[in-house]
Amino acid sequence: MIPLKVIRQEPDRIRAALADKGESPALVESILEQDRAVRALLGEVEGLKAQRNTVSQEIGRQKRAGSDAAENIAAMAALADRVKALDKRLQEQQAALELDLLQVPNAPHPSTPAGSTAADNRAVSSWGEVTQPGPEAKDQHDLLVDLALVDFAAGARITGQGFPLYTGRGAKLERALLNFMLDLQTAEHGYLEVLPPLLASRASTLTTGQLPKLEEDMYRVGQDDLFLIPTAEVPLTNLHRGQVLEEAALPLKYVAASACFRREAGSYGKDTRGLLRVHQFNKVELVKFVHPDHSYDELESLREDAETVLRRLGLPYRVVELCRGDLSFAAAKCYDLELHAPVTGRWLEVSSCSNFEAFQTRRGHIRFRRSDTGKLDYPHTLNGSGVATPRLLAALLENGQQPDGSVRLPAALQSYFGAEVIEPL
RNA sequence: GGAGAGGUGGCUGAGCGGCUGAAAGCGCCCGCCUGCUAAGCGGGUAUAGGGUUUAUAGCUCUAUCGAGGGUUCGAAUCCCUCCCUCUCCGCCA
């Protein structure tokens, strides 16, 4: 959330940020206007309350002294009604303002490239050798099906399209990937492993920024008004909602493997083949709460932590920095990691590493006390996938397939999987 | 699902209609004291918003004792609803 004070002081900057993210800058006008209305009411009602407080104290003194307070009591009874009516109007006005404030996206960091679509994203780096597929090479879908790693039809039978069922070696490979990534992040990068709830409350999804705008993208359990998490970012970030953290404890680093649920509303018909876009998938997520003075250094190190996964697996990838228009609602800066899938012929996004600055911690009232000023301040939150498995698996298979139809697994994975090669049936 | 207990500042924990933004302790900050450390002594220390202001300094007003309603001139304190935590019972992987 962008503080009201900032919108008042730098309306042009916020208008620009809205435009950058493809939203109407008119929201700023609406907010400023509502802010004026709130402040006018506030002045009025607070004056009346001040009067009420002083006279009420006077009544207390009169009663204790045994003198007659009837006149004051009658006057305050009349005033109480006015206060109540004004308070109601004030509350409504403040609620309206709050609603608008929650719609304001985070402002892009000045270093982020200008642009509106993915075509404007900036190439940062690449790693590994992009391979040319042989004439007989299969794409991820056919490999998954022919090697009997995933039974798409069974998943569809149970739930519907986009809910893959991993079978046999596929299930074990999925487990191997998750274990490998968790072990790497906990043992080598110092993250604390967490196994979080998969349902989150309205308050939690509001903190991370899925609500209020992206409600349609989540699965909702209406009976209890809970949401299936679209990413473990939601539970991990909300782990400290409403708390005051110890400055010395920063950075706090958490990692979780979890199922993620996304309705992918509006993207029907896109990428339906194989594992490129599914409604339920597994992901290892990294979340850090960091001191605001070093959050951009922490973003680089988070990205390194995620990249390490791909390097250990020997898979060619590239890093792109998202342009302003491609940034998510809550992000100030974001790097995507994309694996190369030689047969599909595309770069597959497997991780987004973002700095949200104080956007989420403000919404979630997550704070820490600064030793330099003695004041409360908001830590910055960062998160990144490390990484999501469906496209990882897709790239792994396409890159590892051999002319005989088998798939050679990266050395890092072999002990987890228990074999070096997935043989054809 | 049933019964009971409870939710107060960074933490522990008093208060149970006005003198309480809130005792006391811990923690933290400043100072004093003592070869150093430990201990001791004195003082300070909530958050948000409005107004004033060059000011994120001061001053001042308002709000906040889980959330929301109500009673009252006045609510942390009384009443109602909800949420959460704990204990016991039931059910269950």
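Each chain gets a letter, A, B and so on, in the order its sequence line appears, and its residues count up from 1.
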Engineer: Does the side chain of A/Q51 come under 3.5 Å of the side chain of A/T54 through a donor N or O and an acceptor N or O?
Structural biologist: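 Absent: no donor and acceptor within the cut-off.
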Engineer: Take atom CD1 of A/I7 and atom P of B/G49, then tell me their distance rounded to the nearest Å.
Structural biologist: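 The answer, rounded to whole Å, is 13 Å.
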Engineer: If you measure only the distance, is there a donor-acceptor pair under 3.5 Å linking the side chains of A/Y166 and A/D151?
Structural biologist: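 Side chains of A/Y166 and A/D151: no pair found under 3.5 Å.
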Engineer: Would you call the rings of A/H240 and A/F289 parallel, tilted or perpendicular if under 30° counts as parallel and over 60° as perpendicular?
Structural biologist: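 It falls in the perpendicular class, over 60°.
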Engineer: Any idea which of B/C61, B/G69, B/G18 is nearest the A/Q91 side chain?
Structural biologist: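 Nearest to the side-chain atoms of A/Q91, counting from C-beta on, is B/G69.
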Engineer: Is a donor from one side chain sitting under 3.5 angstrom from an acceptor on the other, for A/T389 and A/K283?
Structural biologist: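 Absent: no donor and acceptor within the cut-off.
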Engineer: Given B/U47, is OP1 or OP2 found less than 4.0 Å from the side-chain N or O atoms of A/R369?
Structural biologist: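 For A/R369, the contact criterion (side-chain N or O under 4.0 Å from OP1 or OP2 of B/U47) is met.
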Engineer: Taking atom C1' in both B/U56 and B/G66, what distance in whole Å separates the two?
Structural biologist: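 Straight-line distance between the two C1' atoms is 30 Å.
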Engineer: May I ask which nucleotide in the shown strands pairs with B/G68, Watson-Crick or G-U wobble, both distances under 3.5 Å?
Structural biologist: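 Because both required distances fall under 3.5 Å, B/G68 counts as paired with B/C80.
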Engineer: Using the C1' atom as the point on both nucleotides, what is the distance between B/U20 and B/U8, in whole Å?
Structural biologist: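 Those two atoms are separated by 12 Å.
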Engineer: Give me the distance, rounded to whole Å, that separates B/A76 from B/G90 when you measure between the P atoms they each carry.
Structural biologist: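 Comparing P positions in B/A76 and B/G90 gives a spacing of 42 Å.
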Engineer: In whole angstroms, how far is the C1' atom of B/U53 from the NZ atom of A/K5?
Structural biologist: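 So the NZ-C1' distance, A/K5 to B/U53, works out to 13 Å.
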Engineer: Polar atoms only, N or O, under 3.5 Å: list the protein pairs with nucleotides 71-81 of chain B and their distances.
Structural biologist:
from	atom 1	to	atom 2	distance (Å)
B/U71	OP2	A/K84	NZ	3.2
B/C73	O4'	A/I73	O	3.4
B/C73	O2'	A/S56	OG	3.3
B/G74	O4'	A/S56	OG	3.2

Engineer: Rounding to a whole Å, what distance do you find between A/Q94:CD and B/G50:C1'?
Structural biologist: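 Result: 11 Å.
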Engineer: Is there a donor-acceptor contact under 3.5 Å linking the side chains of A/R311 and A/Y317?
Structural biologist: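 Present: a donor and an acceptor within the cut-off.
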Engineer: Indicate, with a heavy-atom threshold strictly under 4.0 Å, whether A/Q51 touches base, sugar-phosphate, or nothing.
Structural biologist: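 Touches nothing.
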Engineer: Rounded to whole Å, please give me the gap between NE2 in A/H240 and P in B/G10.
Structural biologist: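 Rounded to whole Å, this separation is 17 Å.
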Engineer: Using the C1' atom as the point on both nucleotides, what is the distance between B/C59 and B/C41, in whole Å?
Structural biologist: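 Each nucleotide's C1' atom is 32 Å from the other's.
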Engineer: Please name the nucleotide paired to B/C28 by Watson-Crick or G-U wobble geometry with both distances under 3.5 Å, or report none.
Structural biologist: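 Base partner found: B/G44.
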Engineer: Between B/G58 and B/G68, how far apart are the two P atoms, rounded to whole Å?
Structural biologist: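 That atom pair is separated by 29 Å.
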Engineer: Sticking with atom P, work out how far B/C19 lies from B/U81, rounded to a whole angstrom.
Structural biologist: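 That atom pair is separated by 29 Å.
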Engineer: Is it true that the side chains of A/R363 and A/T207 contain a donor and an acceptor less than 3.5 Å apart?
Structural biologist: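 Per modelled atom types, A/R363 and A/T207 side chains form no pair under 3.5 Å.
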Engineer: Taking A/K253 for its side chain and A/H189 for its backbone only, find out whether a donor-acceptor pair lies under 3.5 Å.
Structural biologist: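 Answer holds: yes.
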Engineer: Would you mind pulling out the nucleotide paired to B/C88, Watson-Crick or G-U wobble, both distances under 3.5 Å?
Structural biologist: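 Paired with B/G2.
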Engineer: Please figure out whether A/K375 or A/R64 has its closest RNA chain B nucleotide nearer the 5' end.
Structural biologist: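 The residue mapped nearer the 5' terminus is A/R64.
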Engineer: Looking at B/G18, which nucleotide sits across from it as a Watson-Crick or G-U wobble partner, both distances under 3.5 angstrom, or is there none?
Structural biologist: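 Pairing partner: B/C73.
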Engineer: Rounded off to whole Å, could you give me the CD-to-C1' distance for the A/E98 and B/A48 pair?
Structural biologist: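 About 12 Å, once rounded to whole Å.
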Engineer: Decide, yes or no, whether a salt bridge links A/R15 with A/E23 under the criterion of side-chain N to carboxylate O below 4.0 Å.
Structural biologist: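 Salt bridge flag = no for A/E23 with A/R15.
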Engineer: Just the rounded figure in Å: distance from P of B/A46 to CG of A/L376.
Structural biologist: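 Checked: the CG to P distance equals 11 Å.
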Engineer: Tell which nucleotide pairs with B/U56, taking only Watson-Crick or G-U wobble pairs whose two distances are both under 3.5 angstrom.
Structural biologist: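 In the structure as shown, B/U56 has no Watson-Crick or wobble partner.
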Engineer: Given atom NE2 of A/H365 and atom P of B/G49, what is their separation to the nearest angstrom?
Structural biologist: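 Nearest whole value for this atom pair: 11 Å.
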Engineer: Measuring to OP1 and OP2 of B/G51, would you say a side-chain N or O of A/R39 lies under 4.0 angstrom away?
Structural biologist: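 Answer yes for this pair, as a side-chain N or O of A/R39 is under 4.0 Å from OP1 or OP2.
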Engineer: Looking only at atom P, what distance separates B/U12 and B/G49, rounded to whole Å?
Structural biologist: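 The same atom, P, in both gives a distance of 26 Å.
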Engineer: Would you mind classifying the nucleic acid contact of A/R8 as base, sugar-phosphate or nothing, using non-hydrogen atoms under 4.0 angstrom?
Structural biologist: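 Here A/R8 touches the backbone only, sparing every base.
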Engineer: Quantified in whole Å, what is the C1' atom distance between nucleotide B/G42 and nucleotide B/C33?
Structural biologist: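 Nearest-Å result for B/G42 against B/C33 at atom C1': 11 Å.
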Engineer: Is A/L4 touching bases, backbone alone, or none of the nucleic acid, heavy atoms closer than 4.0 Å?
Structural biologist: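 Counting heavy atoms under 4.0 Å across all strands, no contact is made by A/L4.
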Engineer: Verify whether one side chain among A/D100 and A/Q34 offers a donor that lies under 3.5 Å from an acceptor in the other.
Structural biologist: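 Short answer, yes.
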Engineer: Strictly by Watson-Crick or wobble contacts shorter than 3.5 Å, is anything paired with B/A39, and which nucleotide is it?
Structural biologist: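 None - no nucleotide pairs with B/A39, as no candidate has both distances under 3.5 Å.
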Engineer: Would you say A/E300 and A/Y335 are linked by a side-chain donor-acceptor pair, where the criterion is simply a distance under 3.5 Å?
Structural biologist: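 There is such a pair (donor and acceptor under 3.5 Å, judged by atom type) between the side chains of A/Y335 and A/E300.
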Engineer: Just how far, in rounded Å, is P of B/U62 from CD of A/E44?
Structural biologist: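 Computing the A/E44:CD to B/U62:P distance gives 16 Å.
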Engineer: Hunt down the Watson-Crick or G-U wobble partner of B/U34, both distances under 3.5 Å, from any strand shown, or write none.
Structural biologist: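 Paired with B/U34, as far as the under-3.5 Å criterion goes, is no nucleotide at all.
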Engineer: Map A/V244 and A/Y378 onto RNA chain B by nearest heavy atom, then report which one ends up closer to the 5' terminus.
Structural biologist: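 Between the two, 5'-proximity favours A/V244.
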